[in-house]
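First up is the structure itself, then whatever we jot down about it.
Below, chains carry the letters A, B, ... as their sequence lines are ordered, and counting in each starts from 1. Any value given below was found using the heavy atoms of this structure, including those in side chains, with hydrogens, waters and symmetry copies removed.
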Amino acid sequence: MKMLVVLPVLIPLATAIVTIFLGRSLRGKILASLVGGGATFASALLLLRTVWSWGTVVHVMGSWSPPFGIILVADLLSSGMVLLSSGVALVALCYSVGYVDEEGQRLAYHPLFHLLMMGIYGAFLTGDIFNLFVFFEILLISSYALVAFGGEDYQLEASLKYATINLIASAVFLLAVGGLYGVMGTLNMADLSLKIGGLQEPGPLPTIFLLFIAVFGVKASMFPFYFWLPDAHSSAPTPISAMLSGVLIKVGAYSILRVSSVIFVPLRPDAQEWILALAAVTMVVGACGALAQSDVKRLLAYSSVSQMGYIILGLGIGTPLALLSTLLFIVNHALSKAMLFLTAGVVIEATGTREMGGMGGLARQMPWTAGAFLIGTMGIAGVPPLLGFFAKFLLIQAALESGHGFLAALAAGLAIVTLWYLFAAWQQIFWREGSGRALHPAPRLMKGSGLVLAGVILVGTIFLNPLVDFLRAVEAQLRQPEAYVTAVFREVPPVTASTVEPQ
Amino acid sequence: MTTLLAITIGVLFGTGAFLVLRRNALKVIIGLSLISHAANLLLVTSGGFAGNRPPIIGPGGGLYVDPLPQALVLTAIVISFGVTAFMVVLLYRLYQRTGTVDMDQIRRLRG
């Protein structure tokens, strides 16, 4: 049963290796890749089921006991995130088969995609802060390569920019890890939680905490570290845009959530003001940027920046209701934004342009795609009865209850702006008088993938109650770091300072 | 010894930051690798840098230095090596296509 925690990391790695060694056989590669993606999704489902009925599952790698060895921990949040991202990944993978040209698929597309997934699942599951760094690097270097995959000038430039900012962030991550190790003498999250909880004086820990927030803020595109995102997310091949916007930026939000709810629990109030202020600016900057775009993919990318602002705002407020809304936001944004990118890709393939001015009147020719895009638009904008509405409603309510009236008003006002720019985009692409140009029909696989995600959003809306119950359980677990620590050290008792004497 | 290391780390960070702000993308990459070297050095010092002590416990016990930061640094060096190599290749490809490494001339995407 404990092996289940390792599977979401192991299967993508194995798939990547297999797809490298399949040589130039295209069918074999696609088959292996899809089987790997499906197997990962199945293992994520099993993992979540196990965690739901048996509690947190911990696997000690190489039987080196914590705090020395690396452990993988699956609690409800981790396994839920793994399930969500593996679902989106499977859809994006099917889409890629239709989208990426044959030469690209023969070369390195499939191995890179699975290595990206391995890094993401590993980052969700690890219980060691340096191991988190390693998994971050795995997912980052695969995503640099995937952003530049088409080999066009603008893709290379976006990838270079993206790599530069993230390499600096990695150096800062190392600084924070070094500082943390120097002060606390351990890097295991559960062990850190215990030791920091028993500390009288915080010492340099608040600074280290803010360094971590800044590093994860780069991944989560928090202001002022958001400027790489519109370039990277809009230049990447479409299925990769869907993965980056749908899943990868959530890794940043997840890491902020993890360090603030497990490791730095007593220090959370210190960082709150910073997080709230930066989240508010992120929301505004993203929304203003989106208003100004005429390129559909850039518009969606800026919209992601703005929505990440909402997610981080909920994290910053930190009340149970706010955390619940953050989790709903994460689910909603992962599904809706991935779907919007995928359907936008279908439209771009059909019309041959990314400028919304060159489209128009497509609702008649592609009614299903228009419908799917509309559902995504409504989901992100928060039109009732879709998931996004409840997420925004709960967030505004939480902000009001915790006495942040201004932030509540800002969130509500920007919800209207979101509605405006997304519906304007939908209207421009699908509704108004068309330019009457001939369309190249996109492959069925591409159209179908977007529709599957739209279906998932509708199912999530219909079964809202079980979903909210599950997220409530996740949020309740987040408020009890003691349970996390107990689960980890139930495996192996903590080694006390007397048995090991450094230096 | 610690003072010397602190100065070295500071100089590396300063030079790295200066180079990252250049327009020439090759200098940016060199600057990035200097910054990651500085971070690695800091990681070594965080475990208590103790000159010639080995990171293992010898046969007769004796003094040793905490081996964990050294293991971490080895990992970090490998990662930064890989990423730097990737960036150099990326830039070379960009140079082949555009004929320049000046970011102001390459720049198409604006924010």
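In terms of heavy-atom pairs under 4.5 Å with chain B, the best-connected choice from Ser170(A), Gly151(A), Gly179(A), Ala148(A) is Gly151(A). For chain A, the option among Ser33(B), Ala39(B), Ala38(B) with the highest count of heavy-atom pairs below 4.5 Å is Ala39(B). By number of non-hydrogen pairs under 4.5 angstrom with chain A, the leading residue of Leu32(B), Ile35(B), Leu72(B) is Leu72(B).
Here OG1 of Thr186(A) is found 10.5 Å from CD1 of Ile129(A). Values are rounded to the nearest 0.5 Å. Distance CG/Leu160(A) to CE/Met103(B): 5.0 Å, rounded to 0.5 Å. Of the inter-residue distances, the one linking Tyr109(A) atom OH with Glu103(A) atom CD reads 15.5 Å to the nearest 0.5 angstrom. Taken to the nearest 0.5 Å, the OG1 atom of Thr8(B) stands 13.5 Å off from the NE2 atom of His37(B). Within the model, atoms CG of Leu248(A) and CG of Leu116(A) stand 6.0 Å from one another, a figure rounded to the nearest 0.5 Å. Atoms CZ and CG, from Arg97(B) and Leu94(B) in turn, are 9.0 Å apart once rounded to the nearest 0.5 Å.
Side chain of Ser159(A) to backbone of Tyr144(A): a donor-acceptor contact under 3.5 angstrom is found. In this structure, the side chain of Ser241(A) engages the main chain of His233(A) through a donor-acceptor pair within 3.5 Å. Proximity of a side-chain donor or acceptor of Ser303(A) to a complementary backbone N or O of Leu299(A) within less than 3.5 Å is not detected. Checked by atom type and distance alone, the side chain of Thr282(A) pairs as donor or acceptor with a backbone atom of Phe223(A) at under 3.5 Å.
For Leu187(A), the part sitting under 4.5 Å from any heavy atom of chain B is the side chain, from C-beta outward, and nothing else. Only the side chain of Val20(B) comes within contact range of chain A, judged by heavy atoms closer than 4.5 Å. Contacts of Phe173(A) with chain B are absent, with no heavy-atom separation under 4.5 Å from either backbone or side chain.
Proximity to chain A among residues 21-30 of chain B is limited to Ala25(B), Val28(B), judged by heavy-atom separations below 4.5 angstrom. Heavy-atom neighbours of chain A within the stretch residues 75-91 of chain B, taken at a separation under 4.5 angstrom, comprise Thr75(B), Ala76(B), Ile79(B), Gly82(B), Val83(B), Phe86(B), Met87(B), Leu90(B), Leu91(B).
Here the closest heavy-atom approach between residue Lys297(A) and residue Ala236(A) is recorded as NZ-O, 2.8 Å.
Using a 30° and 60° split on the angle between ring planes, Phe212(A) and Phe216(A) fall in the parallel class, below 30°.
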